[in-house]
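Read through the structure below, which is laid out as structure tokens, and then see the notes.
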Amino acid sequence: AAESRADNAALRSVSLRLASDLVQPLERYMTKHVLVHATKEIDGLPVHALLMSNGRPVSDAYAVSYAPYLGAANGSVDMRPLSGVVVFGAPAARPIENEYALRAIKNFYPDPALYVTQAASERNFLNASGSVFHLSTNFGRDDATARGTFALSGGSITMPDMYYPISYFLMTRPFRVWLLAVQRRDTCDLTMEHAAFALMSGATQVVVQRYPSPATYMKDFNEHFYTSLAAGNNTKKAYGDALMMMQKNAERNKVYSSAVYFFVEW
């Protein structure tokens, strides 16, 4: 417990210093929407979760999103209603909590299409359709090509999972929104490259998990995100609502769980 408090204090100190150096000098030029160009120097820096001098995260005052490159940004907000959520993943169903977290989405958003465990196959991946595509699986990297990969089910309990290049994202039916999340608790191989391929597939917005976290955090984020979507809010508002609710939870906020999720858009 003492070690956890010390880690939390160190994170808080670093967060305050980074916000003081990177965000506060620019505040007089900032509007309510802040777009962060994710260059390699700051790739993975959760600007939205940095603490301002008042002790509150940047996302309390600004809607922060990220762009893999500046040409991707047009500053518009898609206000069209969403029509259908596809939940896809947990091909190996390990740990089992991840499968439960995905199946629980139906408690917060009506009638999502669930392709979980053996149903998370290549065929279903290429043929699923809707507005929101939620992909939670294991991600990796091909040593030969240095390109990202992701796991899909072999299609039956006797077939092992198979890894596919993320260029497969370009072969799906078009979705307006993607959510990319990992299954492992200890590592996270998701990068801006994965988000960029989701955007190139036709999406305008991507929520991407950039750091490992327990399945309980995934469940918390899913609950608040999909509850907000079901209430008729757009994706950016639902993302902000999920962050706010996680930050209000003292147990979650002390380990900066909201820093895990990045909002990427054209």
Side-chain angles (χ1 to χ4, degrees), residues 1-77 179-182 186-196 199 205-214 217 220-221 224-225 235-266:
E3 183 178 350
S4 177
R5 286 193 297 270
D7 289 343
N8 191 54
L11 282 171
R12 181 180 179 85
S13 176
V14 170
S15 182
L16 286 165
R17 187 165 68 251
L18 285 171
S20 175
D21 291 345
L22 300 177
V23 179
Q24 286 166 221
L26 300 176
E27 277 201 276
R28 58 178 172 165
Y29 306 109
M30 289 161 62
T31 63
K32 282 295 182 181
H33 177 206
V34 176
L35 182 70
V36 179
H37 178 207
T39 64
K40 64 180 181 179
E41 291 82 5
I42 63 168
D43 182 41
L45 178 67
V47 174
H48 62 280
L50 298 180
L51 296 180
M52 305 290 279
S53 57
N54 62 2
R56 299 302 303 160
V58 172
S59 60
D60 262 19
Y62 304 99
V64 180
S65 58
Y66 300 81
Y69 51 91
L70 285 178
N74 64 23
S76 64
V77 177
L179 280 83
L180 300 173
V182 299
D186 53 345
T187 61
C188 181
D189 295 313
L190 276 169
T191 68
M192 279 294 173
E193 180 187 30
H194 295 86
L199 291 172
Q205 298 168 324
V206 181
V207 177
V208 57
Q209 179 184 343
R210 294 299 309 273
Y211 297 102
S213 67
Y217 295 175
D220 282 354
F221 182 86
H224 302 308
F225 179 82
T235 315
K236 186 173 290 186
K237 177 68 165 59
Y239 169 80
D241 288 346
L243 292 190
M244 186 177 298
M245 293 304 296
M246 295 179 79
Q247 289 154 2
K248 285 182 177 179
N249 185 319
E251 178 65 23
R252 304 288 187 258
N253 191 37
K254 74 177 184 180
V255 289
Y256 298 97
S257 60
S258 63
V260 167
Y261 299 99
F262 286 53
F263 190 89
V264 184
E265 62 182 337
W266 284 124

What heavy-atom pair brings [X] and [Y] nearest, and what distance separates the two atoms?
| X | Y | answer |
| --- | --- | --- |
| Leu180 | Leu190 | O-CD1, 3.5 Å |
| His224 | Ala242 | CB-CA, 3.6 Å |
| Leu26 | Leu22 | CD1-O, 3.5 Å |
| Tyr239 | Val64 | CE2-O, 4.2 Å |
| Pro57 | Ala49 | CB-O, 4.1 Å |
| Lys236 | Ala63 | CD-CB, 4.3 Å |

Contacts satisfying side-chain hydrogen bond (donor to acceptor under 3.5 Å, both in side chains) that involve residues 58-68 (not counting sequence neighbours) are Glu27-Tyr62, His33-Ser65, His48-Tyr66, Arg56-Asp60, Ser59-Gln247, Ser65-Glu265
Give, for atom [atom1] of [X] and atom [atom2] of [Y], the distance between the pair rounded to the nearest 0.5 Å.
| X | Y | atom1 | atom2 | answer |
| --- | --- | --- | --- | --- |
| Thr191 | Arg210 | OG1 | CZ | 6.0 Å |
| Leu51 | Arg17 | CG | CZ | 12.5 Å |
| Asp241 | Met246 | CG | CE | 13.0 Å |

Exercise for the section: Assess whether side chain to side chain contact (heavy atoms under 4.5 Å, CB included) is satisfied between Val206 and His194, documenting all intermediate values. Expected result: CA-CA 10 Å; Val206 181; His194 295 86; over 6 Å; no
With heavy-atom distances below 4.5 Å as the criterion, would you say the side chains of Leu18 and Leu45 are in contact? yes
Exercise. Any side-chain heavy atom of Gln209 sitting closer than 4.5 Å to one from Val260?
Worked result: yes
Phe221 meets the ring pair (Phe, Tyr, Trp, His ring centres under 6.0 Å) criterion, sequence neighbours left out, with Phe225, Tyr261
